[in-house]
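Structure, as structure tokens:
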Amino acid sequence: MAHVCIHWFRKGLRLHDNPALMAALTDCKELYPVFILDPYLHHTKVGINRQRFLIGALKDLDCSLRKLNSRLFVLRGKPEDVFPKLFNRWNVTKLTYEYDTEPYSLRRDERVASLAKEHGVDVIYKISHTLYNIERIIEENNGKPPLTYKRLQAIVQNLGPPKKPIPAPTLENMRDVKTPRSQKYEDEYRIPTLEELQLDSQFLGEELFPGGEQEALRRLDEHMKRTGWVCSFEKPQTSPNSLSPSTTVLSPYVTFGCLSARTFWWRLTEVYRGRKHSAPPVSLHGQLLWREFFYTCSVGIPNFNKMNDNPVCTKVDWDTNQQNLAAWREARTGFPFIDAIMTQLRQEGWIHHLARHAVACFLTRGDLWISWEEGQKVFEDLLLDGDWALNAGNWQWLSASAFFHQFFRVYSPIAFGKKTDKNGDYIKKYLPLLKKFPPEYIYEPWKAPRSVQQAAGCIVGKDYPHPIVQHEQISKKNIQRMKEAYAKRSSDNNESPIKKQGITGIYISPGLLPPPYKTW
DNA sequence: TGGTCGGTTGTACCA
DNA sequence: TTGGTACAACCGACC
């Protein structure tokens with residue numbers, strides 16, 4: 001029997017390495033490629049850069065599908081409301097999609113799958129967002145997520161390399177498949193503009209990272225040609241404040257699934273072959289494994305995006321301070337390095353990993369003592385590569401709430417940037433107000449004599465804010481508060497080690513701080 | 001994937 | 001020549 005099939009795009013906005021889409025084409029007479037703008041995921045709070053990236057990715061997908069005599073159908077609403085109507089309207093017999101491990105997605109997909117069953121629709125899903133089947137990694141580690149990178153590496157070593165990516169469907173694959181198209185459909189299911197999504201595009205900057213599979217593959221090709229660079233890539237050696245990105249900026253494409261992580265992995269393997277090359281955790285392969293690491297944690301650890309009821313997260317008495325949170329979010333902390341990074345984040349939707357470290361440390365354990373959950377929300381809205389699992393994992397890491405425990409390693413909002421940008425050119429690019437300050441004051445303009453401030457045309461306290469905290473003092477105090485939080489954690493764990501751990505494995509010796517380990 | 005401080009060592013320069 | 005000085009580079013200890 002030939003099927004009428006919906007392939008549901010959510011992430012995985014690509015044709016290459018899309019096994020669920022290929023499954024849709026098997027015994028298929030009619031194909032409906034569908035994307036649903038879900039108010040839970042695509043609300044107006046999501047940053048406009050991210051929305052633009054999504055719209056770009058959808059346009060690109062539609063364009064590629066049209067080359068296969070198909071198209072993309074874009075709908076709006078809650079998937080559980082949308083699908084029953086589509087099942088009836090199109091007499092659907094099969095639904096395919098890519099497996100998604102986020103808690104919201106799992107609940108959503110469970111509801112949709114059960115609706116599909118009620119309508120006599122077969123459901124097929126495939127794993128292609130991650131390198132591995134995440135549940136398989138957990139199984140291999142005796143049912144617990146590996147809580148160190150090293151452990152994850154050992155597990156995946158046993159599993160062997162990730163599956164090879166499969167090619168995109170061709171016209172040959174589409175020979176017996178039709179996508180019904182009519183003028184009525186064109187209007188009804190077209191891709192909305194940003195204005196239609198009630199977004200004001202006048203605040204948009206230049207589109208540095210356009211969404212879409214074609215751009216993703218172009219960008220991948222461009223970087224893979226640089227064999228020497230790829231082979232010697234070590235993440236910690238790249239600069240957080242170069243004027244153009246010092247890394248690939250493929251992450252937004254992997255996040256939306258415009259680029260398959262497995263395709264990226266195997267392209268790197270090709271480049272590495274026969275050459276001396278860097279290795280995980282610092283290499284580019286290593287970066288993909290970090291993604292895998294946090295995905296595995298996010299699946300195996302309950303309430304992974306929260307402090308409370310999250311068994312790996314140290315409980316910290318974070319302050320509530322709306323003024324300071326707003327100053328951080330809106331790039332007016334008075335520390336040019338921090339404010340420049342937050343400006344780049346808002347304008348461009350991407351900042352370097354180490355820049356994320358600097359601002360995350362500043363918001364949490366370093367200076368403002370504000371919960372990492374607040375930072376998580378800001379990154380979620382503003383980062384093009386904002387990914388539920390990676391965002392939660394990295395915020396816990398940086399705030400020394402989980403995974404990373406050397407809380408006395410505090411980034412200086414003044415000294416850190418100087419290592420790779422002595423002149424402060426990065427600050428001048430994103431905070432042009434400060435561009436006339438001489439290098440000796442650019443990281444701490446409040447120290448400049450009045451005459452220098454006047455000459456620079458920028459008076460601290462009037463044109464640019466005073467620093468909202470005194471870093472030297474506050475960071476010392478915060479280290480002490482962190483020490484107390486760790487001491488409390490240890491004594492709580494001693495009282496009921498297993499119960500407090502929540503997940504059954506004992507991965508931190510109760511009563512002891514984890515040994516200083518180096519993960520790269 | 002830290003920062004700071006104090007101490008040591010190495011080195012360039014010069015009287 | 002050589003001793004003095006300044007300073008950079010590095011190390012370990014500590015937070």
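What you see is a predicted model; the values in this text were computed from it and never measured. No hydrogens, no waters, no symmetry mates; every other heavy atom, side chains included, goes into these values.
The distance from atom CD of Gln480(A) to atom C1' of dC15(C) is 8 Å, rounded to the nearest whole Å. Atoms CD (Gln473(A)) and P (dT4(B)) sit 13 Å apart, rounded to a whole Å. Note: CG (Leu398(A)) to P (dG2(B)) measures 11 Å, nearest angstrom. As a whole-Å value, the separation of Ile474(A) CD1 from dG2(B) P is 22 Å. Across the protein-nucleic acid pair, Phe362(A) atom CZ and dG2(B) atom P stand 18 Å apart, rounded to whole Å. In this structure, Met482(A) places its CE atom 17 Å from P of dC15(C), rounding to the nearest Å. Rounded to an integer number of Å, the gap from CH2 of Trp397(A) to C1' of dG2(B) is 14 Å. Atom-to-atom, CZ of Phe408(A) to C1' of dC15(C) comes out at 8 Å; the value is rounded to the nearest Å.
Sparse packing is recorded around CD of Gln157(A), with 12 or fewer heavy atoms of other residues, nucleotides or ligands lying under 6.0 Å away.
As judged by a 4.0 angstrom heavy-atom cut-off over every strand, Gln237(A) is placed among residues making no nucleic acid contact. Here Lys235(A) lies in heavy-atom contact (under 4.0 Å) with a base. If you check every strand for non-hydrogen atoms under 4.0 Å, Lys418(A) touches nothing.
In this structure, Pro240(A) and Ala355(A) approach most closely via the heavy-atom pair CB-N, 3.6 Å.
Taking the ring axis of Tyr486(A) as reference, the NZ or CZ atom of Arg489(A) stays within 45° of it and closer than 6.0 Å to the ring centre.
A perpendicular orientation is assigned to the rings of Trp397(A) and Trp290(A), their planes being inclined by more than 60° (bins at 30° and 60°). Relative orientation of the Phe335(A) and Trp446(A) rings is perpendicular, given thresholds of 30° and 60° on the angle between their planes.
Of the candidates Phe362(A), Tyr411(A), Tyr443(A), Phe416(A) forms a ring pair (Phe, Tyr, Trp, His ring centres under 6.0 Å) with just one, namely Tyr411(A). Of the options Phe209(A), Phe53(A), Phe9(A), a ring pair (Phe, Tyr, Trp, His ring centres under 6.0 Å) to Phe256(A) is made by Phe53(A) and by none of the others.
With sequence neighbours excluded, the residues forming a side chain to side chain donor-acceptor pair (under 3.5 Å) with Tyr464(A) are Asp339(A), listed by chain and number.
Between the side chains of His285(A) and Tyr272(A), no donor-acceptor pair is found at a separation under 3.5 Å.
Remark: Lys476(A) is not in phosphate contact with dG3(B), judged by side-chain N or O atoms under 4.0 Å from OP1 or OP2.
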Open item on the list: Taking Watson-Crick (N1-N3 plus N6-O4 or O6-N4) and G-U wobble (N1-O2, O6-N3), each under 3.5 Å, can you produce the dot-bracket string of DNA chain B? Use [ ] for crossing pairs and | for inter-strand ones.
Closed with: .||||||||||||||
Pairwise N/O distances under 3.5 Å, protein to nucleotides 12-14 of chain C:
none

